[in-house]
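Heads up: the structure comes next, in structure tokens.
In what follows, chains are A, B, ... by sequence order, proteins preceding strands, each numbered from 1. All of these numbers come straight from a predicted model, not from anything done at the bench.
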Number of protein chains: 4
Amino acid sequence: MKKTAIRTYSRNDKLISERRDHIAQSVAPLFVKKGYERTSIREIAEACDMSMGALYYYVGGKEDILQIMLDYDLTLYTKFVKELVDSSGSLPPREGLIRVLEQYFKASDASQDLTLFFYQETKSLQPSAREIIKGRERSLVAEFEKLLARGCKSGDFKIDNITLVANQIVVTGHMWALRRWLLRHVCSLEEYTRHNTEYFLTAVGAN
Amino acid sequence: MKKTAIRTYSRNDKLISERRDHIAQSVAPLFVKKGYERTSIREIAEACDMSMGALYYYVGGKEDILQIMLDYDLTLYTKFVKELVDSSGSLPPREGLIRVLEQYFKASDASQDLTLFFYQETKSLQPSAREIIKGRERSLVAEFEKLLARGCKSGDFKIDNITLVANQIVVTGHMWALRRWLLRHVCSLEEYTRHNTEYFLTAVGAN
Amino acid sequence: MKKTAIRTYSRNDKLISERRDHIAQSVAPLFVKKGYERTSIREIAEACDMSMGALYYYVGGKEDILQIMLDYDLTLYTKFVKELVDSSGSLPPREGLIRVLEQYFKASDASQDLTLFFYQETKSLQPSAREIIKGRERSLVAEFEKLLARGCKSGDFKIDNITLVANQIVVTGHMWALRRWLLRHVCSLEEYTRHNTEYFLTAVGAN
Amino acid sequence: MKKTAIRTYSRNDKLISERRDHIAQSVAPLFVKKGYERTSIREIAEACDMSMGALYYYVGGKEDILQIMLDYDLTLYTKFVKELVDSSGSLPPREGLIRVLEQYFKASDASQDLTLFFYQETKSLQPSAREIIKGRERSLVAEFEKLLARGCKSGDFKIDNITLVANQIVVTGHMWALRRWLLRHVCSLEEYTRHNTEYFLTAVGAN
DNA sequence: CATGAATGAGGTTTCATTCAT
DNA sequence: TATGAATGAAACCTCATTCAT
């Protein structure tokens with residue numbers, strides 16, 4: 001759980017972690033609302049209730065703040081999915097998948113703005129930081145792979161390319177966020193969930 | 001085909017149109033490479049082989065340039081899809097769909113960077129301009145709706161929510177661009193095409 | 001007479017040259033008074049009667065301003081010495097040397113602050129810029145070498161290491177500037193001149 | 001040996017003295033390498049192995065640190081020269097001068113960077129602190145004056161202006177440091193020493 | 001129509017210094 | 001005594017936009 005590569009003047013690891021988490025939480029609504037580039041350090045400091053100097057005590061630069069925030073939320077999200085997948089382990093694979101999809105789409109709906117933000121601003125990161133974020137994203141996909149793999153093992157599912165399907169599940173959630181402005185007039189979240197659940201059941205050979 | 005709402009000092013409509021098309025074409029690679037916010041007017045002017053003054057003669061401000069460029073490329077893309085759909089009108093619906101998907105995914109692959117850019121920078125527009133872009137996007141979806149509607153009319157397809165499926169086709173193309181970094185290690189474009197074609201055939205009840 | 005390596009937005013060479021000369025002249029008293037590091041861009045802009053933006057239109061950064069100023073004054077100084085040496089060409093070598101030394105020390109006295117500044121701030125330059133300045137300094141030394149070489153050729157002087165003596169002349173002028181605070185209580189410029197003239201006559205074997 | 005005018009919170013004179021000596025020694029390489037202005041208090045504290053707070057406990061501000069360091073090194077250097085001059089007291093004046101010059105130039109060669117630093121950064125001091133440093137420099141010159149005066153007394157030397165010659169000796173050492181970049185290609189330290197020794201012997205009438 | 005020099009507000013970042021602990 | 005987190009003024013620099021030519 002290293003936060004490395006981000007410069008700090010503090011050598012108190014606990015404080016660093018605390019402050020960076022605080023920054024990640026405080027800055028998210030601001031970033032989501034105004035976009036990364038359009039948000040000034042001054043605004044960030046204000047939102048964090050810190051002085052600009054204090055901010056730069058725990059962070060090497062503006063871009064680090066973006067990385068910290070993306071990392072924080074993606075980690076949180078991955079944890080959420082992991083718990084979801086794990087908690088559905090007691091159900092038969094088919095019912096487990098149905099339940100996970102339902103909850104995942106519900107969560108996707110709740111964190112629309114954040115999802116959009118991820119697609120928009122990841123490119124603002126340096127390649128090295130981008131790799132870290134991509135790693136987190138892969139972890140997210142991996143959680144769904146676990147779910148699918150379990151079903152394959154038990155013989156309930158039959159899947160050619162597990163990663164592809166897992167990615168497709170993730171993306172289907174994202175799509176609800178990215179295209180809400182269009183989908184809003186087309187179907188409700190419930191219909192969207194039903195439609196896609198049916199598809200994925202077919203795709204995994206469980207229909 | 002109004003270009004309105006964008007201020008200009010010129011009253012020669014033909015010239016305005018010409019210059020704006022030129023700007024749209026010249027600025028695209030720059031925007032795609034550096035991002036909208038990080039591209040300066042000076043760079044834009046240079047890429048367009050115009051002086052900064054000339055730029056402002058045909059355009060109200062930096063944001064207008066983004067709108068013009070997005071509008072231009074989206075219109076072009078919509079036209080491409082329209083021709084694709086129309087040209088497949090001679091085929092039976094099932095084969096038409098297969099062909100359109102294949103060509104569309106191929107085109108998605110070719111214009112990856114642009115697609116990514118659309119998702120990233122549309123939010124940099126004012127609401128009014130964003131609406132215009134959304135309208136273009138809806139036109140794009142509508143082309144696929146046409147294709148699907150034709151199949152329904154002939155009885156070959158059976159679809160609950162045509163718009164939903166059409167949108168799903170569009171987004172599936174986008175996802176190849178947005179998630180290429182992950183998908184690259186998972187499957188080739190051909191596999192991606194095959195996988196999704198199969199899905200959509202099922203989704204329209206033609207499998 | 002290239003001014004290269006210094007970024008500019010202008011492509012009008014004449015204007016660039018003019019503005020940079022203007023900057024060099026305007027900034028000198030400020031730099032000499034406050035030192036390079038302690039002088040802010042805002043102060044520089046004010047002294048140049050330019051806006052900060054205009055400044056950065058002709059100059060890539062603060063350090064460039066230092067380089068431009070050092071270059072400008074050193075070039076001027078070298079030209080002065082060159083003319084001095086050339087104009088003494090009509091005199092016999094011994095008398096020429098005496099005259100040149102007298103004038104050079106007088107000039108050293110007049111440009112004390114500038115000399116001090118050179119020793120202090122050359123180190124603020126990047127190595128590449130420092131090389132340029134060193135080149136100018138070598139040109140200055142070369143002028144005195146010319147004078148000494150002439151005397152050697154005619155048989156009036158007898159010198160082992162011409163560059164060493166030429167450099168010593170230059171530095172003797174500098175020292176009047178660098179150690180004025182001490183020398184002031186020890187001797188007048190006239191005495192300093194007499195003392196060192198006698199020395200150099202001995203050193204070149206013309207006493 | 002007052003260290004006055006420099007604020008401190010401590011009232012333990014021994015500790016003050018110890019810490020300031022420690023600071024002077026620790027900070028020198030840093031200052032020499034980066035320059036005074038470009039060195040931050042944080043770096044200084046780190047180099048001194050002290051906290052920033054501790055630093056300010058024994059020192060009034062950043063500038064005091066510069067003064068302390070200059071004072072410390074100049075005092076050390078003066079002591080070195082004093083011992084050199086005293087130890088040559090057993091030799092006849094002419095041989096004493098030769099020996100002192102040789103050792104002094106050797107020492108000048110060894111402390112080039114420091115010498116350069118003195119010329120560059122003394123101006124960063126407030127006038128009052130500058131006076132203190134000048135006093136130390138005068139003490140240095142005074143040591144050489146002692147040497148010359150001894151020779152005059154014994155009738156071996158014949159000098160008009162002892163201070164001027166003493167200063168010239170000091171400066172000749174400095175010159176080796178200040179102009180090394182040029183002299184390097186012109187002569188070795190040995191040649192430089194020989195050349196100047198000969199001169200000074202003439203200047204004091206001992207050749 | 002076209003040019004590009006000029007503006008200056010506002011961006012990010014640094015850093016000497018203080019003070020609660 | 002000692003610590004180091006916090007401050008915020010001020011540093012350097014960029015850039016969208018204008019307007020005299």
Side-chain angles (χ1 to χ4, degrees), chain A residues 7-12 15-16 19 37-45 49-65, chain B residues 7-12 15-16 19 37-46 50-65, chain C residues 7-12 15-16 19 37-45 49-65, chain D residues 7-12 15-16 19 37-46 50-65:
Chain A
R7 203 222 48 196
T8 173
Y9 287 124
S10 175
R11 238 165 279 118
N12 180 337
L15 206 50
I16 295 172
R19 288 283 192 278
E37 298 274 11
R38 293 176 129 85
T39 306
S40 76
I41 289 285
R42 230 174 288 271
E43 290 170 305
I44 293 172
D49 223 356
M50 301 169 90
S51 71
M52 283 161 53
L55 207 55
Y56 275 91
Y57 197 77
Y58 296 103
V59 142
K62 191 185 174 188
E63 210 191 290
D64 290 340
I65 298 175
Chain B
R7 203 222 51 200
T8 174
Y9 291 122
S10 172
R11 239 168 276 113
N12 180 338
L15 208 49
I16 295 172
R19 288 282 198 276
E37 298 275 8
R38 291 176 134 87
T39 305
S40 71
I41 288 285
R42 210 183 298 271
E43 290 170 303
I44 293 172
E46 195 156 351
M50 299 168 86
S51 71
M52 286 159 60
L55 213 52
Y56 275 90
Y57 199 81
Y58 295 104
V59 144
K62 192 185 174 187
E63 211 191 289
D64 292 340
I65 297 174
Chain C
R7 204 222 47 196
T8 173
Y9 287 125
S10 174
R11 237 166 279 116
N12 180 337
L15 206 49
I16 295 172
R19 288 284 195 275
E37 298 273 10
R38 292 176 131 85
T39 306
S40 75
I41 289 285
R42 228 174 287 271
E43 291 170 304
I44 293 172
D49 224 355
M50 300 169 90
S51 71
M52 281 162 54
L55 207 54
Y56 276 92
Y57 198 78
Y58 295 103
V59 143
K62 191 184 173 189
E63 210 190 290
D64 290 340
I65 298 175
Chain D
R7 202 222 50 198
T8 174
Y9 290 122
S10 172
R11 239 168 277 112
N12 178 340
L15 207 51
I16 295 173
R19 288 281 197 277
E37 298 275 8
R38 291 176 134 86
T39 305
S40 72
I41 288 285
R42 209 183 299 270
E43 289 170 305
I44 293 171
E46 194 156 352
M50 300 168 85
S51 71
M52 285 158 61
L55 212 54
Y56 274 90
Y57 198 80
Y58 295 104
V59 143
K62 192 184 173 189
E63 210 190 290
D64 291 342
I65 297 175

Per-nt protein contacts along nucleotides 16-21 of chain E (heavy atom under 4.0 Å; B base, S backbone sugar-phosphate only, - none) come out as SBB---

Expected output: side-chain A:Lys62 to main-chain A:Thr39 donor-acceptor under 3.5 Å: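 Checked: pair present.
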
Is it the case that the side chain of D:Arg7 and the backbone of D:Tyr56 share a donor-acceptor pair, with hydrogens and angles ignored and the cut-off at 3.5 Å?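 Flag set: sc D:Arg7 to bb D:Tyr56 pair under 3.5 Å.
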
Integer-rounded Å distance: [N] [atom2] and [X] [atom1]:
X	N	atom1	atom2	answer
C:Ile44	F:dA10	CD1	C1'	15 Å
D:Met50	F:dT3	CE	P	8 Å
C:Ile65	F:dC13	CD1	P	8 Å
C:Leu15	E:dG4	CG	C1'	10 Å
B:Arg19	E:dC1	CZ	C1'	9 Å

Taking only Watson-Crick and G-U wobble pairs with both distances under 3.5 Å, what dot-bracket line describes DNA chain E, where [ ] shows pairs that cross earlier ones and | shows pairs with another strand? .||||||||||||||||||||

A:Ala54 or C:Arg11, whichever maps to the more 5' nucleotide of DNA chain E: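 With A:Ala54 and C:Arg11 compared, the 5'-side residue is C:Arg11.
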
More than 12 foreign heavy atoms under 6.0 Å from CD of A:Glu43: is that the case here?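 Counting neighbours around CD of A:Glu43, more than 12 heavy atoms of other residues, nucleotides or ligands fall under 6.0 Å, so yes.
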
Given the rule in the side-chain contact (heavy atoms from CB on, under 4.5 Å) test, do D:Tyr58 and D:Met50 qualify, once you have shown the distances and angles that lead to the verdict? CA-CA 11 Å; D:Tyr58 295 104; D:Met50 300 168 85; 4.0 Å; yes

Any non-hydrogen side-chain atom of A:Ile44 less than 4.5 Å from a side-chain atom of A:Leu55?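 In contact.
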
For A:Arg38, report the nucleic acid contact type (base, sugar-phosphate, nothing); a contact means any heavy atom under 4.0 Å.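 Since no nucleic acid heavy atom lies under 4.0 Å of A:Arg38, the category is nothing.
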
Nucleotide nearest [X] (side chain, heavy atoms from C-beta), chosen from [options]:
X	options	result
A:Asn12	F:dT7, E:dA2, F:dA5	F:dA5
C:Tyr58	F:dT1, E:dA6, F:dT3	E:dA6
A:Tyr57	E:dT7, F:dA5, E:dA2	F:dA5

Under 4.0 Å from OP1 or OP2 of F:dA5: is there any side-chain N or O of A:Ser10 that close?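 Indeed, a polar side-chain atom of A:Ser10 lies that close.
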
Kindly give the heavy-atom pair with the smallest separation between [X] and [Y], and that separation in Å.
X	Y	value
C:Met52	C:Ile41	CG-CG2, 4.0 Å
C:Ser10	C:Tyr57	CB-CE2, 3.5 Å
D:Ala45	D:Ser51	CB-C, 4.1 Å

Begin with the C-alpha distance, continue with both residues' side-chain angles, and end with the deciding distance and a verdict on side-chain contact (heavy atoms from CB on, under 4.5 Å) for D:Arg11 and D:Tyr9. CA-CA 7 Å; D:Arg11 239 168 277 112; D:Tyr9 290 122; over 6 Å; no

